[in-house]
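Remember, predicted model here, so these are calculated numbers, not experimental data. Numbering of residues begins at 1 and proceeds along the displayed sequence.
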Amino acid sequence: MEPVRRKALVDAALRVIGDHGSLAVTMSDIARQAGVSPALAHHYFGSKEQLLIETIRSLLRQLRRDTVAALKAARTPRERLSAVMRVNFHADQFAPDTIAAWLAFYAEAQRSEETRRFLVIYASRLRSNLLADLKALLPADAAERIAEGAAAMIDGLYIRQSLKSAPIGIEASIALTEDYLNALLAAASPSPREHRGRSPQTIQGQMT
């Protein structure tokens, strides 16, 4: 039963953090949501801080699993870029409780070095996934610039979604990021005129 109860407590922590909109929750709040005693919650995690760290680990593991699966299903660099962006707006990741939890962890990162380290891992993975396929389509400097912009747009849409008075839906968020990416890819890609008179080796060198 231990893995089942540990997962129940992590899921409960996510819901309670989402309801409160911050990490200012107690182990009793989380245990009550999970339907277990506070003593049992302490037995499995030792402290609220350790349970919260496991909660952010769980979010990152799920996001990584979803990303790996989406990338395996994509066939081209452009499809892989779309897959990465769509995963970040998946229904599970874009759920109100999950968004509220992510924002609470970002606030906590200003005080907790361990929380900050996990968020840096998330940001690095997102940038790396975008950059890998952008470099297959564009020169390195353009690829890096667009990767930074796309990652910032994804994070910004998360923040906008947290404003319950003006939420942006999943498909609308995906469409915005796709429009952004399409526009910059078109602007940064070498035009057919630039290719005239150049050897295939020269063109290939610019695109890698």
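- Taking the charged nitrogens against the carboxylate oxygens, D133 and R80 do have a contact shorter than 4.0 Å, which makes a salt bridge.
- At distances below 3.5 Å, at least one donor-acceptor pair connects side-chain atoms of T177 with backbone N or O atoms of I174.
- Scanning for ring-ring contact (aromatic ring centres under 6.0 Å, His included) contacts around Y44 gives an empty result, with sequence neighbours left out.
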TODO: Quick one: do L63 and Q93 satisfy side-chain contact (heavy atoms from CB on, under 4.5 Å)? Show the steps, please.
DONE: CA-CA 8 Å; L63 183 57; Q93 290 294 330; 3.7 Å; yes
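- Classification of E79 and R86 as a salt-bridged pair fails, no side-chain N sitting under 4.0 Å from a carboxylate O.
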- [ ] Test salt bridge (Lys or Arg N to Asp or Glu O under 4.0 Å) on E54 and K7 and set out the steps.
- [x] CA-CA 10 Å; E54 181 56 29; K7 184 179 186 305; over 6 Å; no
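- Using cut-offs of 30° and 60° for the angle between ring planes, the F89 and F94 rings count as perpendicular.
- A side-chain donor from one of N182 and R78 sits under 3.5 Å from a side-chain acceptor of the other.
- Between the side chains of S173 and Q161, no donor-acceptor pair is found at a separation under 3.5 Å.
- For S47, the side chain to side chain contact (heavy atoms under 4.5 Å, CB included) partners are E49, Q50, not counting sequence neighbours.
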Open item on the list: Quick one, E2 with R5, criterion salt bridge (Lys or Arg N to Asp or Glu O under 4.0 Å). Give me CA distance, side-chain angles, the key distance, then yes/no.
Closed with: CA-CA 5 Å; E2 180 174 349; R5 284 176 174 165; over 6 Å; no
Do any side-chain atoms of residues 23-35 form donor-acceptor pairs under 3.5 angstrom with protein atoms, and if so which ones, sequence neighbours left out?
unit_1: T26; atom_1: OG1; unit_2: S28; atom_2: N; d: 3.4
unit_1: T26; atom_1: OG1; unit_2: D29; atom_2: N; d: 3.0
unit_1: T26; atom_1: OG1; unit_2: D29; atom_2: OD1; d: 3.4
unit_1: T26; atom_1: OG1; unit_2: D29; atom_2: OD2; d: 3.0
unit_1: D29; atom_1: OD1; unit_2: R32; atom_2: NH1; d: 3.4
unit_1: D29; atom_1: OD2; unit_2: T26; atom_2: N; d: 3.1

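- The only member of L126, N129, I154 that meets side chain to side chain contact (heavy atoms under 4.5 Å, CB included) when paired with M85 is I154.
- Cation-pi geometry between R6 and F45 is met: under 6.0 angstrom from the ring centre, within 45 degrees of the axis.
- In this structure, R116 places its CZ atom where only 12 or fewer heavy-atom neighbours from other residues, nucleotides or ligands lie under 6.0 Å away.
- Note on E148 versus R145: no salt bridge recorded, every NZ/NE/NH1/NH2 to OD/OE distance being 4.0 Å or above.
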